[in-house]
Amino acid sequence: MCQKLLVEPKECKYLWELQREQSVLEHIFEERMASVSQLYQQCLELFDVLGMDHISIELEPNDALELEIILKNLQVEKEYRIQQRERFEEQLKLMPLEFQEPTNTDLSLQSLKALESLVLRKQQEYHTKTQQLQTVIAEIKNFWSDLDISLEQQIELDADLRHLPLYLEMAEELRKTWTVKMRSKIDDLSNQLKQLLDKLSMDYSFFELDELYSPLVIPKLEQEIKRLQTILLKSKSILDVHQQRQDLLLKMQNFEKTASDPKRLFRPSFQLLEEEKFRKTCYPTLLKLESQLFQLLDKYQQDMGEHFCLGSHDFKLLLEQEIKSRFVNESVFLFSEKKTPRSKM
């Protein structure tokens with residue numbers, strides 16, 4: 001062969017060694033490409049399992065390290081998502097059977113978020129139903145007590161959610177009888193509370209109840225009345241001075257309107273003297289009343305541990321804003337449109 005190719009035997013040996021090296025390199029290349037292809041295929045399978053978009057690359061022998069890193073990250077992500085799913089499923093299993101629903105084994109983020117939402121929704125439903133059960137049991141027992149139902153006529157009330165529909169029906173029947181007997185008492189307590197709310201310029205949000213005529217409402221009404229009576233007692237001096245200030249401000253406003261009328265000069269001299277006296281004394285009086293108010297408000301906050309409010313507003317803050325926005329001195333009385341609310345004493 002060497003003779004045919006006119007190649008020296010030494011050169012022929014060298015050529016043969018090159019061919020062998022080439023064969024070895026080709027074998028190594030094929031092994032690496034097979035390994036890279038296998039890694040890539042494993043990555044694709046995990047992308048499918050995790051519901052993620054595939055990566056599209058042109059495979060090279062040196063891609064093995066990069067693909068190993070990607071594969072490891074995907075395996076860690078898969079394990080994490082499996083733990084998440086198992087945790088959500090365990091939370092579902094902790095609830096009664098009627099709150100459980102079958103789940104799938106999908107590990108996509110969308111499915112896990114849907115499973116998490118399902119768990120939160122079911123937990124909320126369970127919490128709401130449990131509270132409803134506790135409330136209706138307490139309500140039934142109060143009905144029995146107020147209506148003097150004998151122990152022989154009472155039944156055992158198990159805290160079992162399966163009995164909730166029955167308990168709700170029982171409570172409704174008892175409420176009808178109880179309302180006839182107790183309506184006047186609740187109406188009387190409601191009127192007392194409304195009078196207190198009016199005096200403190202508060203809204204009627206307390207009465208935003210699912211059921212006003214319930215034995216559970218009576219202690220709430222009594223407790224709120226007691227609380228507001230304490231506030232009213234503690235705030236009486238504040239409201240008194242506030243009323244004096246409001247009355248004075250109204251006189252000052254009316255005086256300013258009258259003072260701008262040229263016809264006032266034709267009034268009797270004694271009336272003009274009275275007006276002048278009022279002009280000189282009203283502003284110092286106003287400052288004195290406001291100083292008293294701030295002292296009383298600070299004492300109230302110290303005693304009660306909270307700001308004094310008229311309605312839902314911090315009265316001290318409203319007062320500071322009103323004073324800041326007005327222009328009043330011994331000669332001129334100009335007021336902002338914003339005023340502190342009037343108490344209803």
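Numbering of residues begins at 1 and proceeds along the displayed sequence.
- Gln124 and Thr128 form a side-chain donor-acceptor contact under 3.5 Å, judged by distance and modelled atom types alone.
- Here the CG-CE distance, from Asp146 to Met182, works out to 5.0 Å after rounding to the nearest 0.5 Å.
- Heavy-atom minimum distance, Tyr167 versus Ile140: O-CD1, 3.5 Å.
- Residue-environment remark: CD (Glu306) exceeds the threshold of 12 foreign heavy atoms within 6.0 Å.
- Ile149 has its side chain out of reach of Phe143: every pair of non-hydrogen atoms, C-beta onward, lies at least 4.5 Å apart.
- Between Leu228 and Leu232, the closest side-chain pair of non-hydrogen atoms is not below 4.5 Å.
- The number of heavy atoms from other shown groups lying within 6.0 Å of CD (Glu89) is above 12.
- Tracing side-chain contacts under 4.5 Å through hydrophobic residues (I, L, V, M, F, W, Y), one reaches Leu212 starting from Leu193; they form part of the same cluster.
- Checking side-chain atoms of Ser145 against main-chain N and O of Lys141 turns up no donor-acceptor pair under 3.5 Å.
- Among residue pairs with one or both ends in residues 113-123, those qualifying as side-chain hydrogen bond (donor to acceptor under 3.5 Å, both in side chains) are Glu101-Lys122; sequence neighbours excluded.
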Output, in order, the C-alpha distance, side-chain angles, deciding distance and verdict of side-chain contact (heavy atoms from CB on, under 4.5 Å) for Leu151 and Trp144.
CA-CA 9 Å; Leu151 292 176; Trp144 286 342; over 6 Å; no
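- In the model, Gln244 has no side-chain atom that pairs as donor or acceptor with a side-chain atom of Asp240 under 3.5 Å.
- Following chains of ILVMFWY side-chain contacts shorter than 4.5 Å, one cannot reach Phe47 starting from Leu109, and the two form parts of different hydrophobic clusters.
- At least one side-chain heavy atom of Gln132 sits under 4.5 Å from a side-chain heavy atom of Leu168.
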Start with the C-alpha gap between Glu77 and Arg81, add the side-chain angles, then the distance that decides, and say whether salt bridge (charged side-chain N to carboxylate O under 4.0 Å, His left out) holds.
CA-CA 6 Å; Glu77 180 66 18; Arg81 293 191 187 184; 2.7 Å; yes
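- With values rounded to the nearest 0.5 angstrom, Leu118 atom CG is found 12.5 Å from Leu112 atom CG.
- The shortest side-chain heavy-atom distance between Asn142 and Trp178 does not fall under the 4.5 Å cut-off.
- Side-chain contact between Glu290 and Leu286 is present, with heavy atoms from C-beta onward closer than 4.5 Å.
- The line from CD1 of Ile70 to CD of Gln42 is 12.5 Å long, rounded to the nearest 0.5 Å.
- Clustering ILVMFWY residues whenever any of their side-chain heavy atoms sit less than 4.5 angstrom apart, transitively, puts Leu317 in a cluster other than the one holding Met304.
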Passes side-chain contact (heavy atoms from CB on, under 4.5 Å), Met170 versus Ile155? Steps please.
CA-CA 11 Å; Met170 287 176 57; Ile155 64 172; 3.9 Å; yes
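- With rounding to the nearest 0.5 angstrom, the CZ atom of Arg87 is 9.5 Å from the CG atom of Leu115.
- Side-chain contact between Tyr204 and Asp198 is present, with heavy atoms from C-beta onward closer than 4.5 Å.
- Figure legend: cation-pi geometry between Arg183 and Tyr213, with NZ or CZ positioned under 6.0 Å from the six-membered ring centre and within 45° of its axis.
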Tyr300 and Leu296: side-chain contact (heavy atoms from CB on, under 4.5 Å), yes or no, with the steps?
CA-CA 6 Å; Tyr300 178 91; Leu296 291 169; over 6 Å; no
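- Phe308 CZ to Leu293 CG: the interatomic distance, rounded to the nearest 0.5 Å, is 9.5 Å.
- Scanning both residues, Ala159 and Leu133, for their nearest heavy atoms gives C-CD2, 3.5 Å.
- Hydrophobic clustering (side-chain heavy atoms under 4.5 Å, transitive across Ile, Leu, Val, Met, Phe, Trp, Tyr) groups Leu164 together with Leu166.
- Smallest separation of non-hydrogen atoms from Leu221 and Leu189: CD1-CB, 3.9 Å.
- Scanning both residues, Met95 and Val119, for their nearest heavy atoms gives CE-O, 4.5 Å.
- Closest approach of Ser235 and Leu200 over heavy atoms only: OG-CD2, 4.0 Å.
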I'd like to know whether Met52 forms a side-chain contact (heavy atoms from CB on, under 4.5 Å) with Leu74, so could you lay out the CA-CA distance, the side-chain angles of the two residues, the decisive distance to 0.1 Å, and finally the verdict.
CA-CA 10 Å; Met52 301 170 67; Leu74 290 172; 4.1 Å; yes
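- Shortest non-hydrogen contact noted between Lys78 and Leu50 is CA-CD2, 3.7 Å.
- Proximity of Leu196 to Met202: side-chain heavy atoms (C-beta onward) are nowhere separated by under 4.5 Å.
- For the pair His307 and Phe315, the minimum side-chain heavy-atom distance is 4.5 Å or more.
- A donor-acceptor distance shorter than 3.5 angstrom exists from the side chain of Thr179 to the backbone of Arg175, with no hydrogens or angles considered.
- Between the side chains of Gln243 and Asp247, at least one donor N or O sits under 3.5 Å from an acceptor N or O.
- A donor-acceptor pair under 3.5 Å is absent between the side-chain atoms of Asp188 and the main chain of Ser184, judged by distance alone.
- Applying the side-chain hydrogen bond (donor to acceptor under 3.5 Å, both in side chains) definition to pairs two or more places apart or across chains, those involving residues 214-229 are Glu139-Ser214, Glu224-Arg227.
- Note that CG of Leu161 is 11.5 Å distant from CD of Glu125, once rounded to the nearest 0.5 Å.
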